[in-house]
Amino acid sequence: MALDLSQFDRELLGGVHGAGSAFAMRLLVRFAEAVDARAFINIEAAHVDGCLYHGRASLDFAEQMIELGGRVRVPTTLNVGSVDLIHPELFRGAKEHAKNGARLMRAHVELGCAPTFTCAPYQTAYRPRFGAQIAWGESNAIVFANSVIGARTNRYGDFIDLCCAMTGRAPAYGLHLTENRAARALVEIVSVPEDWDNERLAVAVGHTIGRSCGGLIPAIVGLAGAMSEDDLKALGAAAASSGAVALFHVVGRTPEAPDLETACGGLTPELCLELTAEDLREAARTLSNLADGAPLGVVSLGTPHFSIAEFARLMPLLDGPRPLTDIFVNCSRATLDELRKRSWEAPLRAAGVTLVADTCVYVSALIKPGVGAIMTNSGKCAYYAPGNLGVEVAYGSLADCVASARAGKVVRL
Amino acid sequence: MTAQTFGAVTLVLGVASGPILRLDEPLSFWGGLDSATGTITDRLHPQRGACVAGRILMMPTGRGSSSGSATLAEALRLGNGPAAILMLERDAIVVVGAMVAAELYGLACPVALANCQDWEALAAAASLTLEAGPEGAAISADL
């Protein structure tokens, strides 16, 4: 069961293509052995989740790569960093942390990565094609690429995503291989709350499959075909937060699931789950630990990063009196440019919106300490914010969030 | 005191010895281990408050976020990491964290796969010595 190295892999290891990629390949070989892969494959792109500053070791790693003359060998995008380099004045944390965070972001750019700083690289010009072999980090990006686009990546993380980028190689295992992409769990939506939009439905379904499916790939039946790309993005982000979902199929909607039989690869599912309207309402309720009517400190939107289509939904909701509660919207710097081109930035700011680029409210020190509870339309933000920020959270639809910001307290429409 | 030797599979090279810490449940290093002290901080973990520093950490399987690799590397850099890690299942997060500490700082935290049938005997030892070489690993237990 030895690892079969190609001529090119041996050249990488031997330093023929530079000391940086040799270092990366040494780590990759160990990683491949640990996951029991038998060979490496070429990748056409990478998304690196190494810009968030967790401590000195991550900075030392990137700077060591630079010292060794390393450079990425495939187009590589970057996930969010610890600071908003476009609006540095928004950062309220320790100076040292901001300095090291910015250094880590710049070190990755120096290695040849594109300064996208977004957790939604699939909504940029770097969106991969169907069937592309890629090495991506960031759980929501991974699940979107696999499920909605049909590109192929495992859940790469710390250091290894960058090693794949520096070598253009990834171990041939897991979701890179067709035989491992079939659904093993069947999730049937038998009824949905009548008053819900697709956005809320997506988050509740995502949160539930994350908690219920373990390591099994789910095939979801009974979701309306009208699920937008942003709905599927919310579904995946919620599923990859409450669980370790890296791929889901929505039968009749996602590219590897034209019908149930294809989604399951002709096999019988090991797990069958029926979800009713009441199950879904309960799932949405568990995402809130804040009572209706409770005062709010901040409304946070855009986890994962807000798309232009989501801004287009937000804009008309902001017509009316200025909200009492600050609204933060996280987006990529590319989306920020697009907002400016469309002259949408000024009306957003006039309505009390703080635009955050390059980072995200729940991983950076952007909100005033002690400001109070958060409301969000994101299953992911609702899941992580209590632990990361030590705050209470209310989850609601986009319209609920805006209405609540206007009222200064949690309101359900 | 008698010593007994067990075979194992090397995942990360190195030699280390120390007292054992056997985890009763898998631990996610990210969000579960404080790299500044080596203390388990996961509020739902039964061994919350225990310190991994200098121990031969017996963890059958890994768990959790891939950001665990950076947490392990950072704990090792600060001298608060385990002396070695014994597992029953291969875990990429653990291997990468230990490899990065070895490559960047020359700090060895050998990682090896033990045999399932040896686990209880290993856990009963007062201390263990792990020699993880390129051809295989040996664990000697002071019983």
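This structure is a prediction, so every number in the text was calculated from the model and none was measured. Chain identifiers are assigned alphabetically (A, B, ...) following the order of the sequence lines, protein sequences preceding nucleic acid strands; residue numbering begins at 1 within each chain.
Residues from residues 131-140 of chain B never place a non-hydrogen atom less than 4.5 Å from a non-hydrogen atom of chain A.
Distance alone, capped at 3.5 Å, places no donor-acceptor pair between the A/Glu33 side chain and the B/Leu11 backbone. For A/Arg30 (side chain) and B/Val96 (main-chain N/O), no donor-acceptor pair under 3.5 Å exists by modelled atom type.
Note on A/Ser139, A/Cys163, A/Gly55: by heavy-atom pairs under 4.5 Å with chain B, the leading option is A/Gly55.
Interface remark: B/Val95 contributes side-chain atoms only to the contact with chain A (heavy atom separation under 4.5 Å).
Within the 4.5 Å cutoff, the side chain of A/Phe61 has no heavy atoms near those of the B/Glu103 side chain.
Taking each heavy atom of A/Ala57 and B/Ala70 in turn, the nearest pair found is CB-O, 4.5 Å.
Here the CD-CG distance, from B/Glu89 to A/Asp36, works out to 11.5 Å after rounding to the nearest 0.5 Å. Atom CZ of A/Arg56 is separated from atom OH of B/Tyr105 by 7.0 Å, given to the nearest 0.5 angstrom. Atoms CD1 and CG, on B/Ile93 and A/Asp158 in that order, are 8.5 Å from each other to the nearest 0.5 Å.
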- Task: Given side-chain contact (heavy atoms from CB on, under 4.5 Å), test B/Trp30 with A/His54 step by step and report yes or no.
- Result: CA-CA 10 Å; B/Trp30 187 76; A/His54 292 301; 3.6 Å; yes
- Message: With side-chain contact (heavy atoms from CB on, under 4.5 Å) as the criterion, how do A/Phe23 and B/Leu104 come out once you've worked through the C-alpha distance, each side chain's angles and the decisive distance to 0.1 Å?
- Response: CA-CA 10 Å; A/Phe23 174 31; B/Leu104 290 183; 4.2 Å; yes
